[in-house]
Amino acid sequence: MRIVSILVALLTASVVDASSHPNIVFILADDLGYGDVQCLNPQRGKIPTPHLDRLAAQGMTFTDAHSGSSVCTPTRYGLLTGRYAWRTRLQEGVLDGGNEEPLISADRITVASLLRDQGYATACIGKWHLGFLSDTPTRDPGPGKVMGAGLPLGAVIQGGPTTRGFDLFWGCSNARAMDSLIDGDRVVEMLPYVEMLPRLTQQAVNYIGEQARSVQRDQPFFLYVPLTSPHSPVVPTPQWQGKSGLGLYGDFVMQTDDTVGRILEALEMHGLADNTMVIFTSDNGCAVSAGVEKLEEQGHFVSGEYRGYKTDVWEGGHRMPFFVRWPGVVEPGSQNQTTICLVDFMATVAEMTGAIVPDTAAPDSVSFLPAFSGTPIVTQRKFIVHHSQKGQFAIRQGKWKLTLGGGSGGSGRPTDEEAQSQGIPDAQLYDLDADPGETTNLVMDRPKVASRMLKLLQHDVDRGRSTPGRRLDNDIPVKLPSPTAIRVSE
């Protein structure tokens with residue numbers, strides 16, 4: 001075992017030494033399903049995504065990567081802090097408007113603050129959706145409307161991205177407030193929804209150019225690009241309308257793919273591609289409101305072979321496209337089947353840059369850096385936790401997935417309430433190796449497996465962390481259900 005550990009350490013060190021402190025570009029799509037990327041879903045995916053396909057061909061595809069939640073805000077929290085959001089006050093749903101207490105506390109280390117301490121320039125260009133406050137009230141969008149409920153022109157925000165480790169912020173709060181364009185800490189423009197994606201694309205491209213021309217060109221940069229698409233409102237610009245032949249959603253996915261292409265092109269044009277790690281993924285699955293039923297009738301399955309959509313605890317809610325391109329380190333066209341989560345980004349960049357993460361920070365984060373060289377990830381974390389819109393938990397360990405509810409945990413059918421009324425067991429256990437579509441519930445057949453996994457989850461919920469280290473407190477108590485389907489079957 002000691003020899004294996006030494007070999008793993010040497011291989012990991014070679015990855016770090018290959019290109020110390022590279023630029024990092026992290027692109028996070030909004031509501032893009034696993035099956036929306038053509039190369040991940042060649043048989044049942046009908047939307048062309050040439051730039052994402054090229055990114056996959058030039059780098060590594062993680063086929064078992066997961067967002068921390070099946071909805072937006074908690075995933076973003078976990079990505080930037082290395083901590084599951086259900087340990088905070090947000091134990092279901094998302095933050096609502098553009099004037100709300102920040103979810104990331106002021107004293108919590110973020111990926112951005114960690115990298116800034118390592119000498120990086122840091123920028124967030126896109127959708128924040130993690131809360132900030134303002135003395136100015138949000139606008140009333142009118143009777144029966146939620147879109148446009150953002151801050152008015154000139155409003156100043158407190159507790160936004162520039163107070164959470166980012167040198168620069170340019171973007172919006174969330175989909176409801178997408179027309180309030182914020183630069184730094186001030187609303188500077190009221191922007192029609194349809195213009196947001198093109199503008200943030202250009203802003204990201206401009207930032208890359210500015211970094212290339214900077215007198216501090218040797219300073220690495222971290223560019224976080226949380227896109228506003230293809231989330232609703234589904235508003236492809238006129239030049240993209242009709243391109244997919246699958247309706248506006250397909251067109252918007254193609255425009256999102258084009259945004260990725262323009263960012264990659266900017267890196268190449270400015271000679272930065274060879275020393276830049278690019279990651280692309282999504283915050284959760286495709287929303288049913290995108291018109292998934294009609295898309296499936298046309299032969300396009302937004303979740304690929306997986307069950308469920310955004311909000312659901314089933315795989316379609318949180319199994320995400322995940323591509324990493326890092327020339328000279330990651331083998332082009334490679335694949336990795338390791339189960340990873342977006343909360344792992346913090347530990348990964350820390351190991352990559354040699355940063356020291358305090359014991360109180362990133363309590364759920366495990367570095368997947370060794371996987372870049374084909375080396376197994378060494379971890380004492382026993383499982384990954386999935387979480388749904390309604391706060392339903394699931395735990396993934398190897399091939400097994402245990403869900404603490406009988407339904408979707410979101411808006412998928414059956415809902416938990418429907419499952420209860422139909423007499424469906426109030427827990428689900430799946431063998432994902434044999435049953436990736438989660439069609440056969442084994443909870444009554446394998447009660448010992450389900451019971452063991454439930455105890456593991458309870459242990460790490462109580463410890464305030466899922467990685468080794470001293471016990472931490474959750475922000476507020478976290479209560480797990482005790483499904484009768486597990487207890488009765490033992």
Side-chain angles (χ1 to χ4, degrees), residues 27-42 44-55 72 125-127 129 141-142 145-150 170-172 174-181 189-206 225-266 280-304 309-310 321:
I27 306 171
L28 183 72
D30 197 351
D31 289 9
L32 182 79
Y34 186 93
D36 284 329
V37 180
Q38 180 64 214
C39 66
L40 297 177
N41 192 21
R44 305 208 300 175
K46 305 299 181 183
I47 302 174
T49 53
H51 300 292
L52 288 172
D53 295 349
R54 177 167 67 96
L55 182 63
C72 173
I125 297 175
K127 172 183 165 182
H129 206 176
K145 297 180 181 180
V146 293
M147 300 299 180
W170 190 100
C172 60
N174 60 14
R176 295 185 177 192
M178 200 185 295
D179 60 343
S180 297
L181 178 59
E189 189 176 349
M190 306 312 296
L191 193 65
Y193 302 135
V194 70
E195 294 182 19
M196 182 58 77
L197 180 60
R199 288 284 297 278
L200 75 84
T201 301
Q202 188 59 53
Q203 193 74 11
V205 168
N206 290 348
V225 189
L227 302 177
T228 55
S229 63
H231 190 290
S232 61
V234 179
V235 284
T237 53
Q239 74 178 98
W240 289 101
Q241 292 174 17
K243 292 284 188 180
S244 70
L246 295 172
L248 291 178
Y249 179 76
D251 301 339
F252 211 22
V253 170
M254 290 186 68
Q255 186 173 356
T256 303
D257 177 76
D258 182 70
T259 288
V260 175
R262 291 193 58 195
I263 292 173
L264 297 178
E265 180 184 27
F280 174 89
T281 187
S282 180
D283 64 346
N284 47 249
C286 175
V288 172
S289 60
V292 296
E293 185 174 346
K294 184 175 181 181
L295 287 165
E296 290 173 1
E297 289 173 357
Q298 296 172 290
H300 179 74
F301 291 78
V302 297
S303 299
Y309 310 100
K310 176 182 178 178

So which heavy atom on [X] is nearest to which on [Y], and how close?
X: Ala177; Y: Gly150; result: CB-CA, 3.4 Å
X: Tyr249; Y: Gly33; result: OH-N, 4.1 Å
X: Ala266; Y: Val205; result: CB-CG1, 4.0 Å
X: Asp53; Y: Cys39; result: OD1-N, 3.1 Å
X: Pro50; Y: Asp257; result: CD-OD2, 3.2 Å

Would the distance check show the side chain of [X] and the main-chain N or O of [Y] forming a donor-acceptor pair, the cut-off being under 3.5 Å?
X: Thr49; Y: Gln38; answer: yes
X: Asn174; Y: His129; answer: no
X: Ser232; Y: Val234; answer: no
X: His300; Y: Lys46; answer: yes
X: Thr281; Y: Leu28; answer: no

Would you please test Arg262 and His51 for side chain to side chain contact (heavy atoms under 4.5 Å, CB included) and show each step? CA-CA 9 Å; Arg262 291 193 58 195; His51 300 292; over 6 Å; no
Rounded distance [0.5 Å steps], [atom1] in [X] versus [atom2] in [Y]:
X: Thr259; Y: Leu197; atom1: OG1; atom2: CG; answer: 4.0 Å
X: His231; Y: Asn284; atom1: NE2; atom2: CG; answer: 7.5 Å
X: Asp31; Y: Cys72; atom1: CG; atom2: SG; answer: 7.5 Å
X: Lys310; Y: Ser282; atom1: NZ; atom2: OG; answer: 9.5 Å
X: Glu195; Y: Leu181; atom1: CD; atom2: CG; answer: 10.5 Å
X: Leu40; Y: Ser303; atom1: CG; atom2: OG; answer: 12.0 Å

Consider side chain to side chain contact (heavy atoms under 4.5 Å, CB included). Of Ile27, Leu227, Ile47, which one does Thr256 pass it with?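 That would be Leu227; it is the only one of Ile27, Leu227, Ile47 passing the side chain to side chain contact (heavy atoms under 4.5 Å, CB included) with Thr256.
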Among Cys286, Pro48, Pro230, Pro236, exactly one meets side chain to side chain contact (heavy atoms under 4.5 Å, CB included) together with Val253. Which residue is that?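 Exactly one pass, corresponding to Pro230.
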With side chain to side chain contact (heavy atoms under 4.5 Å, CB included) as the criterion, how do Val260 and Leu264 come out once you've worked through the C-alpha distance, each side chain's angles and the decisive distance to 0.1 Å? CA-CA 6 Å; Val260 175; Leu264 297 178; 4.1 Å; yes
Test log, rule side chain to side chain contact (heavy atoms under 4.5 Å, CB included), inputs Trp170 and Leu200: CA-CA 8 Å; Trp170 190 100; Leu200 75 84; 3.7 Å; yes
Apply the test side chain to side chain contact (heavy atoms under 4.5 Å, CB included) to residues Leu32 and Phe280: give CA-CA distance (whole Å), side-chain angles for both, the deciding distance (0.1 Å), then the verdict. CA-CA 11 Å; Leu32 182 79; Phe280 174 89; 3.7 Å; yes
Are Asp251 and Gln255 linked by a side-chain donor-acceptor pair shorter than 3.5 Å?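 Gln255 and Asp251 do not have a side-chain donor-acceptor pair below 3.5 Å.
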Got Val194 and Thr237 here, is their nearest side-chain heavy-atom distance under 4.5 Å?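 The answer is yes, as the side chains (C-beta and beyond) meet within the 4.5 Å cut-off.
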With sequence neighbours excluded, give me every salt bridge (Lys or Arg N to Asp or Glu O under 4.0 Å) pair touching residues 280-297.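 Salt bridge (Lys or Arg N to Asp or Glu O under 4.0 Å) check on residues 280-297 returns Arg76-Asp283.
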